[in-house]
Amino acid sequence: MGKKGSNWNMMGGQTTEQGDCSKYKGNVPHCCKKDPTVVDLLPGTPYNQQIANCCKGGVITSWVQDPANAASSFQVGVGAAGTTNKTVRVPKNFTLKAPGPGYTCGPAKIVKPTKFVSPDKRRITQAMMTWNVTCTYSQFLAQKTPTCCVSLSSFYNDTIVNCPTCACGCQNNITEPGSCVSETSPYLASAVSGPGKSSNTPLLQCTSHMCPIRVHWHVKLNYKEYWRVKVTITNFNYRMNYTQWSLVVQHPNFDNLTQLFSFNYKSLTPYAGLNDTAMVWGVKFYNDLLSEAGPLGNVQSELLFHKDASTFTFEKGWAFPRRIYFNGDNCVMPPPDAYPWLPNSGFRPVISLLQPVMILTSIVLLSAYM
């Protein structure tokens, strides 16, 4: 805001505190704090307080899912902060607190002035100065433990590889009593509506992995030219649902994805010429809401891949994803040596009982002839 600057008016947003404006007589600024906290206005705000792309209640989607709602804007009228691009001071110390912790913002960098096109598209005006601030997200800063894990299964092996034990924490009823509750507990309803409900304190279903979210990847069917996968996302948090959730999956066969059922899909190409990453999300008004833990706390879909004869195989865990991200957080994968293997695979050590029996039989026969 600057040493002498004040926030005289705002549109599309508001500061949470006005601060000390006692030195002003008559017209009082909207905010006199040097480090104001600005929040988005709610939908339905009166038109005389709105600007374009404002008033989303602090909820914005990813650009891939919904470009029209991927940006939120507000306008600030600042006084005593300079009148030319030589005297205006660049603001400092930006902090992004939504949608949660974990964001670190860099310094403001001056870029080319923004240009504005009039509604009739016949005139272009230009800002005096424009600067960009880039905020990056770190999962490690956002929370101490992971928030999701991955389990695996396949049609060719009866083994179900669960999420790693204590992937997101361990059950500890001694130091943290009541941190989880069994789905069969007779006190489940009272625990969900307990004291922590108002503060949105997580209440997880007691599991071996203690993750709020589990993504299950099941290799379901094998056809002559195709193979099919079923993906299930399960919520184990009794006090949180996930609106407009997203899942990013890395697998080499996404360059030949034929069909996706009941999920939206967008191919991501983080590297030129490499199409092995996809983003999927729910269909609006159908399954874009992942409900809290319980009978409705899951969403699922199936993916149909076309086989590439040069790369396709069920060996060495090739059919399973390399990485999975839920809402931007990296999910904990099982160790590779635990993946379901093909029957009679030579890649997993097998202890045979046949060889000792054969050796014993030979010794008995040899003794008989002697």
Asn222-Lys307 side chain donor-acceptor pair, cut-off 3.5 Å: yes
Thr269 and Asn275: side chain donor to acceptor below 3.5 Å: no
Distance-only donor-acceptor check, side chains Gln244 and Asp288, under 3.5 Å: no
Sub-4.5 Å side-chain heavy-atom contact between Ser246 and Asn327: yes
Nearest heavy atoms of Arg123 and Asp120, plus distance in Å: N-OD1, 4.2 Å
Close side-chain approach of Val88 to Trp131, heavy-atom, < 4.5 Å: yes
Cysteine SG atoms at Cys148 and Cys168 closer than 2.5 Å: no
Straight-line distance of Asp40 CG to Cys55 SG, nearest 0.5 Å: 6.0 Å
Asn330 vs Arg323 side-chain heavy atoms within contact, under 4.5 Å: yes
Close side-chain approach of Phe155 to Val219, heavy-atom, < 4.5 Å: yes
Connected via hydrophobic side-chain network under 4.5 Å: Met210 and Leu203: no
Phe254-Tyr325 co-clustered via ILVMFWY side chain contacts under 4.5 Å: no
Over all atoms of both residues, closest heavy-atom pair of Gln49 and Leu41: O-CD1, 3.9 Å
Glu17 and Thr37, any side-chain heavy atoms less than 4.5 Å apart: no
ILVMFWY cluster, Val181 and Leu296 together (side-chain gap under 4.5 Å): no
Audit row: Tyr242, Leu289, side-chain contact (heavy atoms from CB on, under 4.5 Å) steps and yes/no: CA-CA 6 Å; Tyr242 296 85; Leu289 171 64; over 6 Å; no
Phe74 CZ: over 12 foreign heavy atoms closer than 6.0 Å: no
Heavy-atom donor-acceptor pair, Gln18 side chain to Pro29 backbone, under 3.5 Å: yes
Heavy-atom side-chain contact between Val280 and Asn264 under 4.5 Å: no
Cys pair Cys149, Cys211: SG separation below 2.5 Å: no
Distance, nearest 0.5 Å, that separates CD of Gln65 from CH2 of Trp281: 6.0 Å
Check: Phe263 ring centroid to Trp245 ring centroid under 6.0 Å: yes
Greater than 12 external heavy atoms within 6.0 Å of Ile160's CD1: no
Student check: side-chain heavy atoms of Val231 and Val215 closer than 4.5 Å: yes
Side chain Gln171, main chain Thr207, donor-acceptor under 3.5 Å: yes
Thr130-Thr114 side chain donor-acceptor pair, cut-off 3.5 Å: yes
Least distance between heavy atoms, Trp318 atom then Thr313 atom: CE3-O, 3.0 Å
Interatomic distance, Asp35 atom CG to Lys92 atom NZ [nearest 0.5 angstrom]: 14.0 Å
Verify same cluster id: Ile324, Val229 (apolar side-chain graph, 4.5 Å): yes
Closest heavy-atom pair and its distance - Ser154, Phe320: CB-CZ, 4.2 Å
Full working for ring-ring contact (aromatic ring centres under 6.0 Å, His included) between Trp227 and His218: CA-CA 11 Å; Trp227 63 291; His218 175 65; over 10 Å; no
Between Asn157 and Tyr339, a side-chain donor and acceptor under 3.5 Å: no
Point-to-point distance, once rounded to the nearest 0.5 Å, from CZ of Arg214 to SG of Cys331: 12.0 Å
His30 side chain vs Thr15 backbone, donor-acceptor pair below 3.5 Å: yes
Cysteines Cys206 and Cys180 with SG distance under 2.5 Å: yes
Step-by-step side-chain contact (heavy atoms from CB on, under 4.5 Å) determination, Asn235 to Ile213: CA-CA 5 Å; Asn235 184 4; Ile213 295 293; 3.9 Å; yes
Heavy-atom check, side chain of Val332 versus side chain of Val150, under 4.5 Å: no
Crowding at CZ, Arg322 (>12 non-hydrogen neighbours, <6.0 Å): yes
Rounded distance (nearest 0.5 Å) linking atom CG of Asn256 with atom OG1 of Thr311: 7.5 Å
Polar side-chain atom of Asn253 near backbone of His306 as donor-acceptor pair, under 3.5 Å: yes
Ring centers of Tyr24, Trp8 separated by less than 6.0 Å: yes
For the student: nearest non-hydrogen atoms of Phe305 and Thr258, plus distance: C-OG1, 4.0 Å
Side-chain donor-acceptor pair present, Asp329, Thr147, cut-off under 3.5 Å: yes
Verdict with reasoning, Tyr265 to Leu257, per side-chain contact (heavy atoms from CB on, under 4.5 Å): CA-CA 10 Å; Tyr265 159 81; Leu257 179 64; 3.5 Å; yes
Parallel, tilted or perpendicular, as decided by the 30° and 60° cut-offs, for the rings of Phe314 and Tyr156: tilted
Heavy atoms from other residues, nucleotides or ligands near NZ of Lys230 exceed 12 (cutoff 6.0 Å): no
For the student: nearest non-hydrogen atoms of Gly12 and Cys54, plus distance: CA-CB, 3.7 Å
Between Thr234 and His216: side-chain donor-acceptor atoms closer than 3.5 Å: no
Backbone N/O of Gln300 and side chain of Ser262: donor-acceptor pair under 3.5 Å: yes
Reported CD-to-CD1 distance for the pair Gln126 and Ile124, which is rounded to 0.5 angstrom: 9.5 Å
Cys135/Cys105 sulfur atoms closer than 2.5 Å: yes
ILVMFWY network linking Ile233 to Val249, side-chain heavy atoms under 4.5 angstrom: yes
Side-chain donor/acceptor of Gln14 to backbone N/O of Met10, under 3.5 Å: no
Verdict with reasoning, Glu302 to Lys220, per salt bridge (Lys or Arg N to Asp or Glu O under 4.0 Å): CA-CA 9 Å; Glu302 295 191 3; Lys220 186 176 181 179; 2.5 Å; yes
Evaluation steps, side-chain contact (heavy atoms from CB on, under 4.5 Å), between Lys266 and Trp63: CA-CA 11 Å; Lys266 174 69 175 179; Trp63 187 268; over 6 Å; no
Validation row, ring centre His209 to ring centre Phe236 under 6.0 Å: yes
